[in-house]
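So the structure is just underneath, and the comments pick up after that.
Basis for what follows: all heavy atoms, side chains included, without hydrogens, waters or symmetry-related copies. Remember, it's 1-based here, ligands and their atoms both numbered in the order they're listed.
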Amino acid sequence: MPAAADPARPLVIAIDGPAASGKSSTAKRVAAVLGIRHVDSGALYRAATAAMLRRAPDETTWSEAGVLDAVHGVTLEPVDGTFRPLLDGAPAEGELRGVAVTSRVSVAARMPGVRTWVNAMIRAAAASHPVVVDGRDMGSAVFPEAAVKVFLVADPHERARRRLVERQGGAPALAEVLAEVEALMRRDAADAAQTIEAPGAVRIDTTRLTPEEQVERIVALARGVAQG
Ligand code: CDP
Ligand code: CDP
């Protein structure tokens with residue numbers, strides 16, 4: 001059951017789950033329906049990784065101090081109801097979502113100092129505004145007091161299919177889906193220690209849901225909390 005909201009704090013709705021379970025697109029739409037902001041913690045881990053990658057392409061040479069120096073070039077810009085990370089003042093969406101960052105992001109995300117930096121950026125964004133935040137540990141580690149905590153899951157084949165449709169459009173071939181399942185499972189394993197379902201989180205399996213249905217369920221949870 002969702003916890004009762006503390007009226008002294010801006011509302012936090014925390015949506016966690018594994019890669020491609022639907023967190024970011026769902027969080028963005030829930031925020032739009034409720035008229036509040038969306039904050040994507042994964043985008044910040046990606047930005048830290050991209051900033052470091054610009055300096056050193058071989059992730060086996062990366063140190064926590066090196067990544068924490070590189071993140072001085074990362075800022076968050078409010079845009080269209082969400083926050084977009086900028087690298088050296090400029091948007092870099094393609095770079096953040098590209099395979100070079102995606103295949104290395106777990107390395108940076110396992111560094112405790114990098115997690116502290118991301119969490120401080122997220123808490124600052126949520127300090128004075130109600131937000132929907134999404135990631136792996138928003139409801140467990142960063143906002144344990146969140147009024148609504150959701151953990152999204154979906155079948156790996158369905159997650160892989162969605163990622164491919166998003167990336168290239170149209171129905172993907174089976175071989176492509178299987179290769180993407182492997183990539184997702186590798187990243188799930190690399191992120192396992194950081195992916196923590198919060199006690200009391202509402203688990204929603206999105207495998208057979210439409211995006212609209214999962215948005216409606218979370219909006220209903222948020223409205224339930226608001227009504228006490
Ligand atoms: O969208 P997708 O699930 O593919 O990834 P993301 O949410 O953009 O997150 C990118 C990476 O950031 C993940 O693979 C994790 O390594 C890391 N991450 C994390 O450690 N903790 C979070 N709260 C969010 C993301
Ligand atoms: O943030 P995360 O990696 O968990 O997922 P995402 O970036 O929101 O990507 C999920 C993709 O699956 C998006 O293209 C969604 O439109 C799509 N999708 C979904 O999220 N839920 C469904 N029930 C069906 C499709």
Side-chain angles (χ1 to χ4, degrees), residues 14-31 38-50 52 59 67 82-85 93 95-123 125-126 132-143 146 149-172 180-181 183-198 204-218:
I15 303 181
D16 292 304
S21 54
K23 303 176 299 293
S24 295
S25 51
T26 305
K28 200 169 181 177
R29 292 167 76 159
V30 169
H38 166 230
V39 193
D40 178 354
S41 61
L44 277 166
Y45 286 104
R46 287 175 181 274
T49 305
M52 189 62 205
E59 76 280 9
V67 180
T82 187
F83 288 89
R84 162 169 78 174
E93 193 57 20
E95 192 175 335
L96 263 48
R97 301 285 149 196
V99 69
V101 167
T102 302
S103 62
R104 293 171 177 83
V105 61
S106 308
V107 173
R110 278 196 296 262
M111 295 173 173
V114 175
R115 301 199 74 76
T116 301
W117 173 78
V118 168
N119 294 348
M121 295 284 278
I122 303 275
R123 286 196 184 102
V132 184
V133 287
D134 81 277
R136 302 287 189 290
D137 59 349
M138 294 297 102
S140 53
V142 186
F143 296 103
K149 300 177 188 180
V150 172
F151 198 81
L152 294 184
V153 294
D155 172 82
H157 280 80
E158 177 58 14
R159 292 195 274 139
R161 193 195 62 77
R162 290 175 185 172
R163 257 299 127 84
L164 290 164
V165 169
E166 186 180 60
R167 202 178 298 148
Q168 60 201 33
E180 186 64 22
V181 168
L184 284 177
M185 301 306 270
R186 253 199 313 276
R187 196 146 57 91
D188 284 355
D191 291 334
Q194 284 75 241
T195 307
I196 304 159
E197 184 167 356
I204 302 177
D205 186 337
T206 72
T207 308
R208 287 178 192 78
L209 295 182
T210 63
E212 293 72 24
E213 285 169 332
Q214 65 222 30
V215 169
E216 274 167 27
R217 288 196 191 185
I218 299 170

Which of these, [options], has its nearest heavy atom closest to [atom]?
atom: atom 13 (C) of ligand 1; options: D191, D16, L44; value: D191
atom: atom 17 (C) of ligand 2; options: R162, R136, R187, R208; value: R162
atom: atom 10 (C) of ligand 1; options: R46, R110, R159, M138; value: R46

For [X], atoms of ligand 1 separated by under 4.0 Å from a heavy atom:
X: A109; result: 16 (O), 17 (C), 20 (O)
X: V105; result: 11 (C), 12 (O), 14 (O)
X: G135; result: 23 (N), 24 (C)

Nitrogen or oxygen atoms of E166 and ligand 2 under 3.5 Å apart: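 There is such a contact, yes.
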Among all protein heavy atoms in this structure, tell me which lies nearest to [atom], with the distance rounded to 0.1 Å.
atom: atom 15 (C) of ligand 2; answer: S25 OG, 3.6 Å
atom: atom 5 (O) of ligand 2; answer: G22 N, 3.2 Å
atom: atom 9 (O) of ligand 1; answer: G42 CA, 3.5 Å
atom: atom 12 (O) of ligand 1; answer: Y45 CB, 3.4 Å

List ligand 2 atoms under 4.0 Å from [X], heavy atoms only on the residue side.
X: T206; value: 23 (N)
X: L209; value: 22 (C), 23 (N)
X: Q214; value: 19 (C), 20 (O), 21 (N), 22 (C), 23 (N)
X: A20; value: 2 (P), 3 (O), 4 (O), 5 (O)

Measuring from [X]:[atom1] to [Y]:[atom2], what's the distance to the nearest 0.5 Å?
X: N119; Y: R123; atom1: CG; atom2: CZ; result: 5.0 Å
X: Q194; Y: R115; atom1: CD; atom2: CZ; result: 4.5 Å
X: K28; Y: H38; atom1: NZ; atom2: NE2; result: 7.5 Å
X: L152; Y: I218; atom1: CG; atom2: CD1; result: 5.0 Å
X: K23; Y: F151; atom1: NZ; atom2: CZ; result: 8.5 Å

Distance-only donor-acceptor check, side chains Q214 and T26, under 3.5 Å: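 Their side chains do contain a donor-acceptor pair, which is all the 3.5 Å distance test asks for.
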Between T206 and R162: side-chain donor-acceptor atoms closer than 3.5 Å: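 Note: T206 and R162 side chains meet the donor-acceptor criterion.
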Enclosure of R187 CZ (heavy-atom neighbours >12, cutoff 6.0 Å):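 Yes, because the 6.0 Å sphere around CZ of R187 holds more than 12 heavy atoms from other groups.
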Exceeds 12 heavy-atom contacts within 6.0 angstrom, atom CE of M185: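 No, because the 6.0 Å sphere around CE of M185 holds 12 heavy atoms or fewer from other groups.
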Reference residue R136; test salt bridge (Lys or Arg N to Asp or Glu O under 4.0 Å); the match among D191, D188, D40: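 Result for salt bridge (Lys or Arg N to Asp or Glu O under 4.0 Å) with R136: D191.
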Sub-4.5 Å side-chain heavy-atom contact between M138 and I122: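 Sidechains of I122 and M138: in contact.
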Non-hydrogen side-chain atoms of L209 and I204 separated by less than 4.5 Å: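 Yes, close enough: below the 4.5 Å cut-off.
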Close N or O approach ([X], ligand 1; < 3.5 Å):
X: R115; answer: yes
X: S41; answer: yes
X: K23; answer: yes

With heavy atoms under 4.0 Å as the rule, classify the contact between [X] and ligand 1 as side chain, backbone, both or neither.
X: R97; answer: side chain
X: R163; answer: side chain
X: S24; answer: neither

Atom of R161, atom of P172 and distance for their closest heavy-atom approach: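 Looks like CG-CG, 4.0 Å.
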Heavy-atom closest contact (L96 atom, A50 atom, distance):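 Looking at all heavy atoms of both residues, the closest pair is CD1-CB, 3.8 Å.
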P211 near ligand 2 by a heavy-atom separation under 4.0 Å: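 The answer is yes, since P211 has a heavy atom less than 4.0 Å from ligand 2.
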Side chain, backbone, both or neither: T210 near ligand 2, heavy atoms under 4.0 Å: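 Backbone only.
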Ligand 2 contact on P18 by region, counting heavy-atom pairs under 4.0 Å: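 Looking at P18 and ligand 2, just backbone atoms fall under 4.0 Å.
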